[in-house]
Amino acid sequence: MCTFDLVIESVEATAYGRAASEALAAAVARAKQAGPLAPVTVIVPSNFVGLSARRLLGSGALGVGSLSGIANVSFVTPFRLAELVAADLLLDTAPITNPVLGAAVRQALAEDPGIYGPVAEHEATEAALASLFAELSNVDEAGLESIEDEGSTAALLAVKFYRQIAAKLGAFHTEHDLASAAADRADLGERLVPFGHVIWYLPAPVTAAIGRCVGEVLRGAVSSSVIVGLTGHSIADKPVLASMGDAGVDVAESPASVPPTGDEIVSVTDAPEEVREVCQRIVGLVAEGVRLDRIGVFFPTPDPYVRIVEQQFAAAEIPVNGPDPRRLADSAAGRTLLGALALPEARWRRDRVMAVVSSGPVRFEGQQVHPTDWDELSRQAGVVIDLTDWRRKIEYDAERTVKRIESLESGDASDSVDFQLQKLRDRVADGQHLVAFVEAL
């Protein structure tokens, strides 16, 4: 285990929002006193926070005059930080992905389902055991043994299935493995030199292994600082402070802040009426000089509010930045993909295949698919269902078409005959292309 004696330059507690953003700008400005290209690495709780912070710092809207720019400032999540630090340490194993974990769970259930026998093939069972593995993968061997010592049936089964799944994943490493390798790296200080000044910005709840990794990075970097957002409410701040404790970072005091509270309740009849009331309030705030980017609208569930908000705000000409109400399945690409995936279960029914090729611009083997020609050809050939039906009837149609071509070629040549020959030859090529497309699905 590698433990540094270096001290974190500063640990600053601040309120969330603009105060935190200004603290980050000031920290970056201090780190860049040596020059505008001095390297700075900001550890952010999510990629979204990193994107927002980068845009805000680059806009110059924070009013920190000494901030000379954000060139050579990197924004990484704690997990991405662990990947960068330990990239060359776990080359003999691959990271676990959801498909790999799902396959390992199915293998474990197939070999010894135990009490899960009656529901071993249910997707909810696989999802539950995958979540169990993800949770217990952050527990060391001593912790697993203590769970077993608890003695209950649930505890024994949990550890048993975790071990069964882990046995299938010997060629892969977990988040815990990656974070531990990064934290225990013998040459961590040298590895962190290109990272420059490291800032842990708005720490969020993380696993104990990731927390320890971040703590070692902060103490092993050339210089480092922490900007922690706190509400001042002990219950709300407890998870953040716990993660900082895993990292070995202490906060001297919480900022003096007053938790936001509602000052008015409006009673309406339904969700559309709620959103109309919100639109009116926003228009009133804008009229008072409040900027739109300082107004937030929160709702309890995406359905039905996301779509209603989009419609009502568009009608009121209020620009918004929020979740897209359209799902991938609603797009042409989504419809085409879902339709193609459902074809084997539908036994390649002609109408289902034609629905797929007509649902969007489809290309196959580098050529644009022509749904109208394929629909007419397969209908005239008498295709109904199953791959064998597609092959047999399209091949029979091609044989009849070839005989028709030979008959025309033996007659007198003319422009009309040449045109018919070309159409018939295209029909044969389309049939071959269509059968190859259906077989490839």
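This one's a predicted model, so the numbers in the text were calculated from it and none came from an experiment.
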Worked verdict on Glu274 versus Glu277 for side-chain contact (heavy atoms from CB on, under 4.5 Å): CA-CA 5 Å; Glu274 283 183 83; Glu277 178 67 25; 5.8 Å; no
Show your reasoning for whether side-chain contact (heavy atoms from CB on, under 4.5 Å) applies to Ile282 and Leu292. CA-CA 8 Å; Ile282 291 176; Leu292 282 172; 3.9 Å; yes
Would you sort out whether Arg106 and Glu111 count as a salt bridge (Lys or Arg N to Asp or Glu O under 4.0 Å), showing the intermediate values? CA-CA 9 Å; Arg106 291 191 293 272; Glu111 291 181 3; over 6 Å; no
Would Val297 and Phe313 count as a side-chain contact (heavy atoms from CB on, under 4.5 Å) here? Give the steps. CA-CA 11 Å; Val297 177; Phe313 279 45; 4.1 Å; yes
When you look at Lys393 and Asp389, which way does the salt bridge (Lys or Arg N to Asp or Glu O under 4.0 Å) test go after all the steps? CA-CA 6 Å; Lys393 291 182 177 178; Asp389 197 46; 3.2 Å; yes
Start with the C-alpha gap between Thr77 and Arg80, add the side-chain angles, then the distance that decides, and say whether side-chain contact (heavy atoms from CB on, under 4.5 Å) holds. CA-CA 5 Å; Thr77 63; Arg80 179 56 181 161; 3.3 Å; yes
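In this structure, Gly102 and Glu126 approach most closely via the heavy-atom pair CA-OE2, 3.5 Å. Residues Leu89 and Ala181 come closest through the heavy atom pair CD1-O, 3.5 Å. Heavy-atom minimum distance, Pro78 versus Val214: CB-CG2, 4.0 Å. Residues Val357 and Pro371 approach most closely at O-CG, 3.3 Å, considering heavy atoms. Considering all non-hydrogen atoms of both residues, Gly229 and Tyr16 come closest at O-OH, 2.8 Å. Ala182 and Ala82 make their closest contact through CB-O, 4.0 Å (heavy atoms, listed as atom of the first residue, atom of the second, distance).
Note that OH of Tyr201 and CD1 of Ile227 are 7.0 Å apart. Values are rounded to the nearest 0.5 Å. The line from CD1 of Ile43 to CG of Leu218 is 5.0 Å long, rounded to the nearest 0.5 Å. The structure places CG of Leu241 at 9.5 Å from OG of Ser234, a figure rounded to the nearest 0.5 Å. The distance from the OG atom of Ser74 to the CG atom of Leu84 is 8.5 Å, given to the nearest 0.5 Å. With rounding to the nearest 0.5 angstrom, the CD1 atom of Ile210 is 8.0 Å from the CG atom of Asn138. With rounding to the nearest 0.5 Å, the separation of CG in Leu81 from CG in Leu178 is 9.5 Å.
Although no hydrogens or angles enter the test, the distance criterion places a donor-acceptor pair under 3.5 Å between the side chain of Ser137 and the main chain of Ala134. In this structure, Asp246 contributes its side chain and Gly211 its backbone to no donor-acceptor pair below 3.5 Å. Counting only distance, with no hydrogens or angles, the side chain of Asp237 and the backbone of Gly232 share a donor-acceptor pair below 3.5 Å. Side-chain atoms of Ser10 do not come within 3.5 Å of backbone N or O of Glu12 as any donor-acceptor pair. Between the His370 side chain and the Thr372 main chain, no donor and acceptor come within less than 3.5 Å of each other. Formation of a donor-acceptor pair under 3.5 Å by the Asp187 side chain with backbone atoms of Glu190 is not found in this model. The closest donor-acceptor contact from the side chain of Ser358 to the backbone of Ala355 lies at 3.5 Å or more, if one exists at all.
For Arg400 and Glu395, the salt-bridge test fails: no basic side-chain N is under 4.0 Å from an acidic carboxylate O. In this structure, Arg392 does not pair ionically with Asp386, as no charged nitrogen and carboxylate oxygen lie closer than 4.0 Å. No salt bridge links Glu399 with Arg404; every basic N to acidic carboxylate O contact stays at or beyond 4.0 Å.
By the 6.0 Å contact criterion, OH on Tyr396 is open, its count of non-hydrogen atoms from other residues, nucleotides or ligands being 12 or less. For Gln368, the CD atom sits in a packed shell: over 12 heavy atoms of surrounding residues, nucleotides or ligands are nearer than 6.0 Å. With a 6.0 Å radius and a threshold of 12 heavy atoms from other residues, nucleotides or ligands, Leu91 has its CG atom above the threshold. Surrounding CG of Asp88 are more than 12 heavy atoms belonging to other residues, nucleotides or ligands, all under 6.0 Å away. The environment of CZ in Arg276 is crowded: more than 12 heavy-atom neighbours from other residues, nucleotides or ligands sit within 6.0 Å.
Contact annotation: the side chain of Ile199 never approaches that of Val226 to less than 4.5 Å [non-hydrogen atoms, C-beta and beyond]. Contact check for Trp200 versus Pro45: no side-chain heavy atoms found under the 4.5 Å cut-off. The closest side-chain heavy-atom distance from Val42 to Val40 is below 4.5 Å. Within the 4.5 Å cutoff, side-chain heavy atoms of Tyr116 are placed close to those of Leu129. In this structure the side chain of Ser243 never reaches within 4.5 angstrom of the side chain of Pro203, judged on heavy atoms. Residues Val228 and Thr14 are not in side-chain contact: their nearest non-hydrogen atoms beyond the backbone lie 4.5 Å or more apart. A heavy-atom distance below 4.5 Å is not found between the side chains of Asp250 and Met244. Side chains of Val353 and Arg349 form no contact here, defined as non-hydrogen atoms less than 4.5 Å apart.
With sequence neighbours left out, the side chain to side chain donor-acceptor pair (under 3.5 Å) criterion links Arg425 to Glu409. For Gln164, the side-chain contact (heavy atoms from CB on, under 4.5 Å) partners two or more places apart in sequence, or in a different chain, are Ala108, Asp112, Lys160, Phe161. A search for salt bridge (Lys or Arg N to Asp or Glu O under 4.0 Å) contacts involving Arg54 returns nothing, not counting sequence neighbours.
Counting only residues at least two apart or on different chains, the salt bridge (charged side-chain N to carboxylate O under 4.0 Å, His left out) pairs with a member in residues 353-376 are Arg350-Asp375.
Between Asp177 and Ser180, the side chains place no donor N or O within less than 3.5 Å of an acceptor N or O (distance only, hydrogens not considered). Residues Glu135 and Tyr162 have side chains that never bring a donor and an acceptor to within less than 3.5 angstrom of each other. In this structure, a donor-acceptor pair under 3.5 Å is present between the side chains of Glu150 and Ser152. In this structure, a donor-acceptor pair under 3.5 Å is absent between the side chains of His197 and Thr41. No hydrogens or angles considered: a donor-acceptor pair under 3.5 Å links the side chains of Gln380 and Arg427.
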Name each donor-acceptor pair under 3.5 Å that joins a side chain in residues 428-441 to protein atoms two or more places apart or in another chain, with its distance.
from: His433; atom 1: NE2; to: Phe364; atom 2: O; distance (Å): 3.2
from: Glu439; atom 1: OE2; to: Arg391; atom 2: NE; distance (Å): 2.4

Identify every side-chain donor-acceptor pair in residues 332-346 under 3.5 Å, counting partners at least two apart or on other chains, and give the distances.
from: Arg335; atom 1: NH1; to: Asp330; atom 2: O; distance (Å): 2.6
from: Thr336; atom 1: OG1; to: Ala332; atom 2: O; distance (Å): 2.8
from: Thr336; atom 1: OG1; to: Ser359; atom 2: OG; distance (Å): 2.7

